[in-house]
Amino acid sequence: MASVDQSPKAHQNPIHRKTGRIFFYDGSNQNLAAIPPGIFALKELEEVHLEHNRIEEIPQDIQHLKNLKILYLNNNKLSKLCPQLGSLSKLEGLDLSDNPILPSWIPVLSTIRSLRQLRLYRTHVGEIPKEICKHLHHLELLGLSGNHLKSLPMEIVNQTKLRELYLKQNQFEVFPPELCVLCNLVIIDLDDNRLMALPEEIGNLTQLQKLYVAHNSLHLLPESLCQCDKLMVLDISYNRLHSIPHTLESLVEMTEVGLSGNPLEKVPRQVCKWTSLHLLYLCNTGLRALRRSFRRLVNLRFLDLSQNHMEGFPLQICSLRNLEILALDDNKIGKLPSDFSALSKLKILGLSGNQFTSFPEEIFSVESLEKLYIGQDQGAKLTYMPEDIGKLQILKELHIENNHLEYLPVALGSMPNLEILDCRHNLLKQLPSAICQAQALRELLLEKNLLTQLPADFDSLVNLNVLTLMDNPMEEPPKEVCTEGKEAIFKYLQEKRKRKLVATKIQSWWRGIMVRRGIGKFSELLKMKKKGKNSLKSKSGKKGAKGKAVKEKKK
């Protein structure tokens with residue numbers, strides 16, 4: 001769970017024309033060492049994409065693009081910024097992320113007074129120049145994640161129009177108090193820092209909708225956070241929280257909450273009041289059970305309860321009829337309830353690392369499943385998979401690695417949507433020939449099993465892109481062929497089939513020869529050969545007293 005700030009592309013065509021005039025240019029991912037000079041003659045250009053190249057400098061001619069509004073130069077090799085950038089009076093969006101810009105050139109950006117969005121992700125910035133905060137009064141988005149910032153300049157208070165601030169993966173030990181006066185802030189991302197606390201003044205941010213402070217060292221949350229009554233997304237995962245303030249139950253607009261990695265031991269009561277929740281992360285929180293009131297969260301679509309201590313399947317979950325994704329991996333669950341079928345919208349189910357002694361057949365009643373994870377890297381090992389797996393006709397992925405399966409069900413061949421089958425680290429001795437009918441298969445992972453051969457028509461899986469057979473005692477195809485990959489395996493199987501076809505034709509021809517010569521049926525010949533007879537007796541041959549063939553005397 002994390003904030004996402006992407007630089008969208010308006011078009012995919014290199015050049016976008018309108019009434020003969022060029023407004024858009026896309027030169028991204030072209031391995032360019034410099035900005036193409038021809039661009040500067042396109043006076044009407046409004047948007048230029050040059051990201052993911054090798055460009056080392058911005059030439060002075062950039063000043064000719066007077067109508068430029070969007071310029072993306074992220075993922076290049078820029079170390080300097082030309083002063084002429086300041087003459088782009090209509091420039092609103094600039095992305096210089098992932099460039100080795102020298103700190104002495106950062107102040108140049110303060111001359112682009114029209115900027116509304118400025119992205120400087122992963123540019124090794126140690127501090128933000130005061131000039132930027134003093135002069136860029138129109139900024140609405142400021143992206144500074146992945147740098148070495150420990151604080152923001154006091155002048156940040158001038159950014160009264162700022163709505164989105166991304167400070168993830170920096171070195172903040174204190175929440176910048178200056179932010180608490182920026183009442184238009186909608187998104188704050190301070191994930192992966194060193195915060196020990198949030199200030200009470202954060203309650204002044206009444207427009208705040210998304211707050212990301214995961215992977216910090218927070219022990220408490222301020223009660224004043226309840227004043228941010230428009231808050232919809234709160235990620236406080238992987239901190240040191242034992243509880244959350246009771247005042248937060250008033251945040252009824254909550255749709256997404258991350259609490260994973262905190263030593264909660266119980267689901268906070270306030271969470272069960274947030275009935276608008278769509279996504280709830282409670283991974284690794286020391287839970288042994290759910291509250292009865294948990295069943296109120298009827299709008300949940302995503303629920304992560306993995307890495308907890310649950311010994312039984314929480315029955316409250318069966319009331320969450322809109323649930324689409326359920327993760328219960330790495331618990332101590334041994335069986336599923338009969339009411340599991342109520343989860344009729346479930347698409348993804350994670351049950352890996354539990355205590356199932358047999359395959360939980362209740363799963364087969366949820367025909368909406370698209371992905372099933374039931375690998376047992378820890379916990380009990382499954383030895384059998386029922387043929388009823390074929391009832392999951394829209395299943396796309398089946399992950400059943402790290403078990404003790406010796407055979408796979410034939411029904412896998414009748415699953416038209418199965419794309420990924422992960423059977424690594426099992427005891428499989430052979431594959432059912434029906435697997436060749438699973439034409440949608442793209443990935444088949446089979447390493448560390450006991451396979452010695454593949455089905456004869458295995459190369460009919462024309463959509464198979466990934467095949468792993470390492471650590472199997474393969475004989476057909478031989479190991480040396482298997483190590484060369486899928487193409488070599490398919491070629492070997494095709495040639496083997498051709499050889500077999502030729503051998504069959506020769507055998508049929510030889511049988512025909514024997515019949516035409518009156519020698520008899522080929523089966524009789526084989527019988528004679530087994531009895532150790534080296535020559536064929538003639539039709540008129542006779543048996544002696546001891547059963548030996550005797551030739552007639554010449555007349």
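The first residue in the sequence is number 1, and the count goes up from there.
- Using a 4.5 Å heavy-atom threshold, the side chains of Leu211 and Val233 count as separate.
- Gln159 contributes a side-chain N or O that, together with a main-chain N or O of Cys133, makes up a donor-acceptor pair within less than 3.5 Å.
- A donor-acceptor pair under 3.5 Å is absent between the side-chain atoms of Asn76 and the main chain of Leu78, judged by distance alone.
- Counting non-hydrogen atoms of other residues, nucleotides and ligands closer than 6.0 Å to CZ of Arg113 gives a total above 12.
- Gln169 and Ser145 share no donor-acceptor pair across their side chains, judged by distance under 3.5 Å alone.
- Between the side chains of Asp330 and Gln378, at least one donor N or O sits under 3.5 Å from an acceptor N or O.
- Distance CD1/Ile62 to CG/Leu68: 6.0 Å, rounded to 0.5 Å.
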Begin with the C-alpha distance, continue with both residues' side-chain angles, and end with the deciding distance and a verdict on salt bridge (charged side-chain N to carboxylate O under 4.0 Å, His left out) for Arg116 and Glu140. CA-CA 5 Å; Arg116 295 181 182 274; Glu140 297 178 3; 3.1 Å; yes
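- A side-chain N or O of Asn322 and one of Lys345 form a donor-acceptor pair less than 3.5 Å apart.
- When only modelled atom types and interatomic distance are considered, His49 and Glu47 share a side-chain donor-acceptor pair under 3.5 Å.
- Closest approach of Cys228 to Leu251, counting heavy atoms only: O-CD2, 3.3 Å.
- Side-chain contact check for Thr468 and Glu447: at least one donor-acceptor pair (N or O, by modelled atom type) lies under 3.5 Å.
- For the 3.5 Å distance criterion, the side chains of Lys161 and His137 fail to qualify, holding no donor opposite an acceptor.
- In terms of modelled atom types and a separation under 3.5 Å, the side chain of Asn75 and the main chain of His52 share no donor-acceptor contact.
- Within the 3.5 Å criterion, the main-chain N or O of Arg163 finds no donor-acceptor partner in the side chain of Asn184.
- At distances below 3.5 Å, not a single donor-acceptor pair connects side-chain atoms of Lys266 with backbone N or O atoms of Leu287.
- Between the side chain of Asn239 and the backbone N or O of Ser217, at least one donor-acceptor pair lies under 3.5 Å.
- Judged by distance alone, with hydrogens and angles left aside, the side-chain atoms of Asn193 form a donor-acceptor pair with the main-chain N or O of Leu167 at under 3.5 Å.
- Distance alone, capped at 3.5 Å, is enough to place a donor-acceptor pair between the Asp26 side chain and the Ser28 backbone.
- For the pairing with Thr123, the side-chain hydrogen bond (donor to acceptor under 3.5 Å, both in side chains) check across Asp98, Asn99, Asn147 returns one residue only, Asn147.
- Asp471 places no side-chain N or O within 3.5 Å of a backbone atom of His425 that could act as its donor or acceptor partner.
- Side-chain contact between Leu195 and Val174: absent, with no pair of heavy atoms (C-beta onward) separated by less than 4.5 Å.
- Judged by distance alone, with hydrogens and angles left aside, the side-chain atoms of Asp191 form a donor-acceptor pair with the main-chain N or O of Val213 at under 3.5 Å.
- A donor atom on one side chain and an acceptor atom on the other are found under 3.5 Å apart for Asn31 and Arg54.
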Please step through side-chain hydrogen bond (donor to acceptor under 3.5 Å, both in side chains) for the pair Thr247 and Glu223, ending with a clear verdict. CA-CA 6 Å; Thr247 55; Glu223 294 195 3; 4.6 Å; no
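- Looking at every heavy atom in both residues, Glu249 comes nearest to Lys273 through OE1-NZ, 3.5 Å.
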Apply salt bridge (charged side-chain N to carboxylate O under 4.0 Å, His left out) to the pair Arg442 and Glu419, showing each step before the final yes or no. CA-CA 5 Å; Arg442 292 187 294 104; Glu419 297 178 359; 3.0 Å; yes
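- Taking the side chain as every heavy atom from C-beta outward, Pro199 and Pro177 never approach each other to under 4.5 Å.
- Closest approach of Glu164 and Leu185 over heavy atoms only: N-CD2, 4.3 Å.
- A donor atom on one side chain and an acceptor atom on the other are not found under 3.5 Å apart for Glu401 and His399.
- A donor and an acceptor atom, one from each side chain of Asn308 and Thr285, are located under 3.5 Å apart.
- Residues Leu398 and Asp422 form no side-chain contact, since every pair of their non-hydrogen atoms from C-beta on lies 4.5 Å or further apart.
- Under the 30°/60° scheme for interplanar angles, the aromatic rings of Phe364 and Phe359 are found to lie parallel.
- In this structure, Tyr166 has its ring center no closer than 6.0 Å to that of Tyr212.
- Smallest separation of non-hydrogen atoms from Val157 and Val181: CG1-CG2, 3.6 Å.
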